[in-house]
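Below is one structure, written out as structure tokens; comments come after it.
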Number of protein chains: 2
Amino acid sequence: MTSRPARATISDVARAAGTGKTSVSRYLNGELDILSPALKERIAQAIAALDYRPSQMARSLKRGRTRLIGLIIADITNAYSVEIMCGIEAACRDYGFTLLMCNTNNELALEQYYIQLLSSYQVEGIIVNAVGMREEELGRLQQSRLPMTLIDRKIADFDCDVIGLDNHEASEKVTRHLADNGYTALLFISEPIGSVNTRRERLETFRQTIAACPDVEGENAEIALHQTSELSLCLKDFLHRHRHQRCAIISANGPLTLQVVKELQAQAVVTGTDAGLVGFDEMNWSSLVGSGITTLKQPTHQIGYRALQSVIHRIKHPDAEKTEQFFSGELVVRGSSQPL
Amino acid sequence: MTSRPARATISDVARAAGTGKTSVSRYLNGELDILSPALKERIAQAIAALDYRPSQMARSLKRGRTRLIGLIIADITNAYSVEIMCGIEAACRDYGFTLLMCNTNNELALEQYYIQLLSSYQVEGIIVNAVGMREEELGRLQQSRLPMTLIDRKIADFDCDVIGLDNHEASEKVTRHLADNGYTALLFISEPIGSVNTRRERLETFRQTIAACPDVEGENAEIALHQTSELSLCLKDFLHRHRHQRCAIISANGPLTLQVVKELQAQAVVTGTDAGLVGFDEMNWSSLVGSGITTLKQPTHQIGYRALQSVIHRIKHPDAEKTEQFFSGELVVRGSSQPL
DNA sequence: CTGTTAGCGCCTTCAA
DNA sequence: TTGAAGGCGCTAACAG
């Protein structure tokens, strides 16, 4: 057939409109008040006739601004990350940026690959949702003095823009809610804390809150996400040791909550009645399981949106003070934390 | 501080290595056997010293190949889409492409926006997972003779590369499974079928399979995803009319299954015992609800991977025959389809 | 108001 | 084996 019709270029438009490239360029860039109506009209027609669309590639090359933002997500399978992404995406549209989304799948090699990639496309900034990402890599990331905003998680010893949940407030809400509902033995489960500030802060506040409740005991466990047998033992042990008390579990994130629920079901423990359960992160199935699972819901969309605003700010003001913004979570109470 | 260190360019490298840009370019493009070892060494050092990374933008501009693939997803919130995306992503890495992911959120305006965007970045091909996307838009998409592969859904009257589930086989598996397990009144629920081939095919085969089972009755309902009250009435009515039979429900996709489960719980219907339930699409919570929900699991990763291969093929051979590939689903049997 | 010119960073003839 | 020159599509001086 007709072979490739070959994209129209600005020169084609100029020729078709009987003018020079400059005027077309001006037209494209909104300098309309400087063009005669007649010329504007001709250009408009030419553009329409040729179905012309300017090449971002050429534009970026020339201006040195790609309007590209890189997003590095450690686990796109995590609904939390997806929601964050939607917020970022919305902001990108509002501010005229395009998102290059990279899922590192929690693999180091992929992460390196993607950092290279983003760099080669000259993204103007990057947002990192490093759920599960190890410290060193984040550090490496920041070496390339690229505007960067962290979501949810900080890097130790590196001062960087951060957007996330107010973990202290959230953790206090959760803990106090269980205490208020009569649970007296609390287990806080998280993935290995390492130096992940999010996990540490949630745990710390858990402890502090417990300390303020004389009749409530608390302990914590660190379990890797897929160590199901460890999780199984841990829960069994906890519930057994405290079998004469009202037990409750706090799970530090969504994926972990999924594992906990599976395990509790396997042990035929009825949430709410036999043991309380509250999980950080709201999930679409939260209301479905048993009598529903009480969760701490994060304002994910807002967090994502603000994260983009944050990188943009950094792009414009590379040397401004670093900022941290923390948002309140909302406790969504369901059956799993109601004794009756 | 030191203002922006300004990315090193190929010229910088050439200068640092005491050679011309051409040789550096050759080095970058793997024409190594044509360069003297000494020169190679100098170039390598210069690159390392300057932390040089070639600009994809410039490269794309020059070669006319961006190595960019656009992915249009109607609803990133759908776990099915995310899994597909992971498959595509893996293939992108293997084949050296980069994915520009666009979530249209089922909104027409967004879709138009993104199509423009992809076009302006001169993606070499696009993959469309149009769950929920309306016909006309798909049609418009195809006008721009861009290599395009559809996932899951076809466009009526337009012949295009398609990758998806073998809906006939899958639907037969599901239906027969329920029939074999003693359910005698079957309700097939889907979103409004319109001209969505996926929905139609699943329904058709459902009917055919029923027809082959003399003692099984079947009917179907079309309900928009968020019409919860309609869904509620529909289920109530069905279960009531067939209260003396063994009832079962087939839900045509994951998000719908979520609604159905919620509704059944609201009506205190126990899945498996009071009514059978099988849903298309496996979800992370499938095993959690009640005694588990039987699902028809699609080979999502593989579908995604093949989709990318398919566009690449089309890019290379614009005029080759259009192809369609359908994969087998796997029935994951759980409590919701076991009478006892 | 409008057009001409000179690159952005890279690849690709072509000649040395 | 190497380098110089031209141009991809666009924008930004700088003239007219």
Using the side chain to side chain donor-acceptor pair (under 3.5 Å) rule, take A/Q116 and A/Q112 through it: C-alpha gap first, then chi angles, then the decisive distance, then the call. CA-CA 6 Å; A/Q116 292 273 355; A/Q112 292 176 327; over 6 Å; no
From the list D/dG3, C/dT2, D/dG9, which nucleotide is the closest neighbour of the side chain of B/R26?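 Among D/dG3, C/dT2, D/dG9, the one nearest the side chain of B/R26 is D/dG3.
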Which nucleotide in C/dT2, D/dG3, D/dG6 has an atom nearest any side-chain atom of A/L35: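 The nucleotide sitting nearest to the side chain is C/dT2.
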Answer yes or no: is there a donor N or O on one side and an acceptor on the other, between the side chain of B/E89 and the main chain of A/N103, under 3.5 Å?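 At least one qualifying donor-acceptor pair exists.
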Should [X] be listed as having a side-chain N or O under 4.0 Å from OP1 or OP2 of [N]?
X: B/Y52; N: C/dC10; value: yes
X: B/S23; N: D/dG3; value: yes
X: A/S25; N: D/dT11; value: yes
X: B/R59; N: C/dC11; value: yes
X: A/T19; N: C/dG3; value: yes
X: A/S36; N: C/dT2; value: yes
X: B/R63; N: C/dC10; value: no

Between B/K40 and B/A58, who's closer to the 5' end of DNA chain D by nearest nucleotide? B/K40
What integer distance in Å separates [X]:[atom1] from [N]:[atom2]?
X: A/I10; N: C/dG7; atom1: CD1; atom2: P; value: 19 Å
X: A/L32; N: C/dC1; atom1: CG; atom2: C1'; value: 14 Å
X: A/Q56; N: D/dC10; atom1: CD; atom2: C1'; value: 11 Å
X: A/Y27; N: D/dT11; atom1: OH; atom2: C1'; value: 18 Å
X: A/R65; N: D/dC10; atom1: CZ; atom2: P; value: 18 Å
X: B/K21; N: D/dA4; atom1: NZ; atom2: P; value: 10 Å
X: B/L61; N: D/dC10; atom1: CG; atom2: P; value: 9 Å
X: B/N29; N: C/dT13; atom1: CG; atom2: P; value: 12 Å

If we count only N and O atoms by modelled type, under 3.5 Å, do the side chains of B/N105 and B/E107 hold a donor and an acceptor together? yes
Confirm from the modelled atom types if B/K62 and C/dG9 form a donor-acceptor pair under 3.5 Å, side chain to base only.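 Result: no qualifying N/O pair found.
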Taking donor-acceptor contacts at under 3.5 Å, does the side chain of A/T22 reach the base of D/dA12?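 For A/T22, whose side chain was compared with the base of D/dA12, there is a donor-acceptor pair (under 3.5 Å).
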Among all residues two or more places apart in sequence or in another chain, which pass the side-chain contact (heavy atoms from CB on, under 4.5 Å) test with A/S119?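 If we apply the side-chain contact (heavy atoms from CB on, under 4.5 Å) test to A/S119, skipping adjacent residues, the hits are B/R7, B/R53.
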Please name the residue in the list A/K154, A/R314, A/K322 that meets the side-chain hydrogen bond (donor to acceptor under 3.5 Å, both in side chains) test with A/D161. A/R314
